[in-house]
Every structure is written in structure tokens, then in C-alpha cells.
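The structure appears right after this line, and notes come after that.
What you are looking at is a predicted structure, and each value in this text was computed from that prediction instead of being measured. Quick note: numbers below take in every heavy atom, side chains included, and nothing from hydrogens, waters or symmetry partners.
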Amino acid sequence: MRKRLLIIVFFCLNIIQFNLSAQQDKLFYFAAPEISSASGDSPVFLKFLSYDTAATVTISLPANVGFVPIVLTIPASGVDSINLTPFLASIESPAANVVSNNGIKISSTSRISAFYELRSPTGREIFSLKGAKGLGTNFYTPFQKFWNNAVTAPGSFCSIDIVAKQNNTSVLITPTTAITGH
């Protein structure tokens with residue numbers, strides 16, 4: 001018991017001592033996943049937290065010229081959110097094995113944390129956006145293979161949603177089991 005308490009105290013002191021900023025950034029890219037409407041796919045929100053500086057945040061869909069960017073100002077040490085439910089058709093990934101123009105870009109004038117939140121009456125989820133930590137060229141996506149998702153939540157499935165920052169980006173997916181389209 002004493003050893004566990006010592007480990008917890010050490011961990012807490014390290015968190016206080018070091019500035020943990022893995023999710024703080026000025027630029028985020030995100031693909032809103034298609035959440036089964038049978039499981040409840042709305043309402044959805046983008047939530048933002050500012051730190052010691054006020055932030056002007058712009059939400060855009062760069063590949064969708066019909067989408068009007070949303071801009072909000074968050075005071076220093078503030079929290080704000082945008083209800084994206086009216087935009088579900090524009091932001092959710094439409095289907096498996098399809099390239100679409102629904103990637104979300106979030107830019108800010110100062111460092112913020114950003115979250116995508118589902119507040120459905122039948123299920124709640126929150127996705128922490130990673131900023132520069134989420135950019136790269138090599139990713140692994142683990143999935144559970146024990147339970148049938150459709151049995152535990154009707155219409156459910158596993159997915160990978162990818163956002164490309166540039167046109168004509170090639171993506172190579174190497175599945176270890178059969179997936180839709182491959």
C-alpha cells in the first residue's frame with residue numbers, strides 16, 4: 001500500500017513539475033467519424049480550451065469551397081464550443097473506401113487544446129485532437145477482434161478516417177485482415 005501511494009505521489013509531482021502539452025497546438029486536422037445513427041450520432045461539438053493567451057480559432061473545411069469558415073474568440077484561460085450538428089452531412093466521413101472533401105482544419109492564433117465531442121442520449125464519446133503530434137506518415141491502428149460490434153451496438157463498425165493536408169496525397173493501407181474494399 002505504501003509503495004502504491006509513493007508511486008501516485010511521484011506521478012502527481014511529475015505532472016505538476018513538467019508542462020505536459022501533447023494536445024496543445026495552433027493547428028489541428030480532423031476527420032469526423034461516421035457514427036451510426038442507430039447508436040445516436042448527434043449532437044456533436046468541437047470544444048476548445050485556451051491557456052494564458054486569448055485565441056482566435058478558425059474552423060474550416062479547406063477542400064469544401066461551399067463551407068463558410070467558423071471563427072470564434074476565446075479569452076485567456078477560457079473554454080468555448082461550437083455545435084457542429086447542423087454540419088454533420090458536410091463533416092462526417094460518408095462511406096468506407098471513399099475519398100471525400102470533409103477534412104476539418106482548426107487553426108488558432110495561440111496554443112489551444114481541441115476536442116470533438118459526441119453527446120448522444122445513447123452514447124457519449126470525446127476525441128482529443130493531437131495537433132502536430134497527429135501528423136505523420138506511418139500509423140498503426142489497433143482494433144478489438146473479440147466481439148461483434150454490431151451485436152453490442154446496432155449498426156456499429158470500426159473505421160480509420162484519414163485527413164490529407166495536400167491534394168493528390170497517396171495513402172497506403174496494409175490491413176492484417178480483410179476490410180471493406182480490400
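Contact of the Asp52 side chain with the Ser77 side chain is not registered, since no non-hydrogen atoms from C-beta on lie closer than 4.5 Å. With a 4.5 Å cut-off on side-chain heavy atoms, Leu27 and Lys105 count as touching.
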Practice task
List the steps, then state whether side-chain contact (heavy atoms from CB on, under 4.5 Å) holds for Ile59 with Ile82.
Solution key: CA-CA 9 Å; Ile59 300 111; Ile82 296 287; 4.0 Å; yes
Practice task
In sequence, state the C-alpha distance, the side-chain angles, and the governing distance for Asp25 and Leu129, and then conclude on side-chain contact (heavy atoms from CB on, under 4.5 Å).
Solution key: CA-CA 9 Å; Asp25 213 324; Leu129 281 59; over 6 Å; no
Practice task
List the steps and the verdict of side-chain contact (heavy atoms from CB on, under 4.5 Å) for Lys130 and Phe28.
Solution key: CA-CA 7 Å; Lys130 303 298 185 222; Phe28 301 85; over 6 Å; no
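Here the shortest heavy-atom pairing between Pro62 and Gly103 reads CD-O, 3.6 Å. Considering every non-hydrogen atom in both Ala55 and Thr109, the closest pair reads CA-OG1, 3.6 Å. Asp80 and Thr73 make their closest contact through OD2-O, 4.3 Å (heavy atoms, listed as atom of the first residue, atom of the second, distance). In terms of heavy atoms, Pro33 sits closest to Phe127 at CG-CZ, 3.9 Å. Here the shortest heavy-atom pairing between Ser93 and Asp161 reads OG-OD1, 2.8 Å. Between Ala76 and Ser50, the closest heavy-atom pair is C-OG, 3.6 Å.
You'll find the ring centres of Tyr116 and Phe30 inside the 6.0 Å limit.
Through direct or relayed side-chain contacts under 4.5 Å between Ile, Leu, Val, Met, Phe, Trp and Tyr, Val68 connects to no other residue.
In the hydrophobic clustering of ILVMFWY residues, with side-chain heavy atoms under 4.5 Å counting as a link, Val163 and Leu61 come out apart. Connection of Val57 to Leu84 is established within a shared hydrophobic cluster, with ILVMFWY side chains joined at heavy-atom distances below 4.5 Å, either directly or through further cluster members. Linking Ile, Leu, Val, Met, Phe, Trp and Tyr whenever their side-chain heavy atoms come within less than 4.5 Å puts Ile106 and Leu88 in one cluster. Taken together through direct or relayed side-chain contacts under 4.5 Å among Ile, Leu, Val, Met, Phe, Trp and Tyr, Ile160 and Val171 form part of one hydrophobic cluster. The hydrophobic clustering, which links ILVMFWY residues whose side-chain heavy atoms are closer than 4.5 Å, places Ile70 and Ile91 together.
Looking at residues two or more places apart in sequence or on another chain, you find a ring-ring contact (aromatic ring centres under 6.0 Å, His included) between Phe87 and Phe67. Under the ring-ring contact (aromatic ring centres under 6.0 Å, His included) criterion, Phe45 pairs with no residue at all, not counting sequence neighbours.
Note that the NZ atom of Lys47 and the CD atom of Glu117 stand 4.5 Å from one another [nearest 0.5 Å]. To the nearest 0.5 Å, atoms CG (Leu135) and NZ (Lys165) are separated by 5.0 Å. How far OG1 of Thr56 is from CD1 of Ile74: 8.5 Å, rounded to the nearest 0.5 Å. Atom-to-atom distance recorded for Leu46:CG and Ser81:OG is 9.0 Å, nearest 0.5 angstrom. Between the CG atom in Leu72 and the CZ atom in Phe48 there is a gap of 6.0 Å [rounded to 0.5 Å]. Annotation: the span from Ser110 atom OG to Lys26 atom NZ amounts to 7.0 Å, rounded to 0.5 Å.
Under a 3.5 Å cut-off, the side chain of Asn102 and the backbone N or O of Ser90 do not form any donor-acceptor pair. Not a single donor-acceptor pair under 3.5 Å links the side chain of Arg119 to the backbone N or O of Pro43.
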